[in-house]
Amino acid sequence: MAEGEALVNELATKLRKRKVVGSRETARLTAELFRTVISMQRVTSAALVEVVRDVGQKLIAANPVELAVGNIVRRVLRIIRDSDLSLEVEGLTLVSQDDDGDVVEEDDKPFRLSDAISQTIFHPPSLVAQLESKPNLVRLFEGKADKTPRSWQFKHHIIEGVNDLIEDINTWHELIADQALELIHQNEVILTLGHSRTVKNFLYAAKEKKRSFHVYVAEGAPKHLGHVLANELAEKHLQTTVIPDSSVFAMISRVNMVIVGVHAVMANGGVIAPVGMNMVALAAKRHAVPFVVVAGTHKLCPLFPNNPEVLLNDMRCPSELLSFGDFSDCMDFSVGSGAPLLHVVNPAFDYVPPELVSLFVTELGGYHPSYIYRLIADYYSDDDIVLQQKPAC
């Protein structure tokens, strides 16, 4: 267990120091960590749920802004619950010990699916309760007990589910890019803001299919990551024009579609996106230009923007706007050690409400903002929406 704790502390430190940035990389590392942690834990549903919750809370506390961490925690919890329920319904044979200590399968009692379903509905037992109800059952993780059919199958289901989750995280941008031809048509003008690898791959896919279109890239101040995207698009021989953020409203009437990437998709269909995105969405709404969001399902957050667990913004370093020399000249040294006469506010994100979003494009297809709640219900359990446990009064 010391090795598992070291891995958790290592990832928590990276998140705290911002050495891991971006929803995709954060989600991948979090899922891989849980795969390792689960393989070291007792294979009981209740125990795994508690371990995943504890580890998840530690990772979330390290960097609350990265909502992808909480999303992956909830996805893993859903995998555990589904695996437990599926094995209960399947009614796999439990293993017991005889007086000599030999493992004997209890297959002399016929299994009926109707009995299992009725017991699950009217008397829903936990896996721990089932194991404790028979004193002769082999205890998990005692000697060779972990290799019993029931425990092995349970762990196999969970690890397999987490592996599928990791594969989805690694391939979702390719599945989104495959849908580019359905949205981007010949001679259209596309506008985007800042730099998004998902948007870049989306535009690359359309270009590779011989679609000819023009891209306006708003520079995305103060980091001006739009300059990076514009150079990358130009290297692929895409017609690209860089515009300042302040000219978006002036240029939006020439645009056929806005395609952007986001940081997170909230339960109400709103999005948390790079700063300046709300201005672009308002301009698109004013001129009836479709505002399309491309995002993987790992960015779906089951929380609402007003939830206390959601940290909607992050304040970046003032040096992105002003150098320290410029800032130091604006100090009032007449009082004590000096009071600032100039305050610099540098938020990282904007919130875009769902009424400004036209379409979400995920690896599963395109969805209206009003359908987001259905996707969330498919991926998350109601028992895991709130991860932070309230202290007892």
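This chain uses plain numbering: 1 for the first residue, then up along the sequence.
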Gap separating the [atom1] atom of [X] from the [atom2] atom of [Y], nearest 0.5 angstrom:
{"X": "Thr297", "Y": "Leu375", "atom1": "OG1", "atom2": "CG", "answer": "8.0 Å"}
{"X": "Ser246", "Y": "Met251", "atom1": "OG", "atom2": "CE", "answer": "11.5 Å"}
{"X": "Asp350", "Y": "Leu312", "atom1": "CG", "atom2": "CG", "answer": "10.5 Å"}
{"X": "Leu183", "Y": "Ile190", "atom1": "CG", "atom2": "CD1", "answer": "8.5 Å"}
{"X": "His195", "Y": "Lys223", "atom1": "NE2", "atom2": "NZ", "answer": "12.5 Å"}
{"X": "Gln239", "Y": "Asn187", "atom1": "CD", "atom2": "CG", "answer": "8.5 Å"}

Side chains of [X] and [Y]: closer than 4.5 Å at any heavy-atom pair?
{"X": "Arg316", "Y": "Pro347", "result": "no"}
{"X": "Val73", "Y": "Phe34", "result": "yes"}
{"X": "Leu59", "Y": "Glu66", "result": "no"}
{"X": "Arg81", "Y": "Ser45", "result": "no"}
{"X": "Tyr380", "Y": "Arg75", "result": "yes"}
{"X": "Thr26", "Y": "Val21", "result": "no"}

Identify the heavy atoms of [X] and [Y] that sit nearest to each other, and give their distance.
{"X": "Ala12", "Y": "Ala62", "result": "O-CB, 3.4 Å"}
{"X": "Ser23", "Y": "Lys299", "result": "CB-CE, 3.6 Å"}
{"X": "Val265", "Y": "Ala295", "result": "CG2-CB, 4.2 Å"}
{"X": "Ile80", "Y": "Phe154", "result": "O-CE1, 4.0 Å"}
{"X": "Thr362", "Y": "Ile176", "result": "C-CG1, 3.5 Å"}

N/O donor to acceptor pairs below 3.5 angstrom from side-chain atoms of residues 266-290, sequence neighbours left out:
from	atom 1	to	atom 2	distance (Å)
Asn268	OD1	Gly270	N	3.1
Asn268	ND2	Tyr351	OH	2.9
Lys285	NZ	Glu355	O	3.3

Inspect the contact between [Y] and [X] and indicate whether a charged nitrogen and a carboxylate oxygen are less than 4.0 angstrom apart.
{"X": "Asp378", "Y": "Arg374", "answer": "yes"}
{"X": "Arg28", "Y": "Glu25", "answer": "yes"}
{"X": "Asp382", "Y": "Arg78", "answer": "no"}

Flag for Arg16-Asn63: side-chain donor and acceptor within less than 3.5 Å: no
Heavy atoms from other residues, nucleotides or ligands near CZ of Arg254 exceed 12 (cutoff 6.0 Å): no
Partners passing ring-ring contact (aromatic ring centres under 6.0 Å, His included) against His298 (at least two apart in sequence or in another chain): Trp172
Set of residues satisfying ring-ring contact (aromatic ring centres under 6.0 Å, His included) with respect to His214, sequence neighbours excluded: Tyr216
Any donor-acceptor pair under 3.5 Å from Glu182 side chain to Gln179 backbone: no
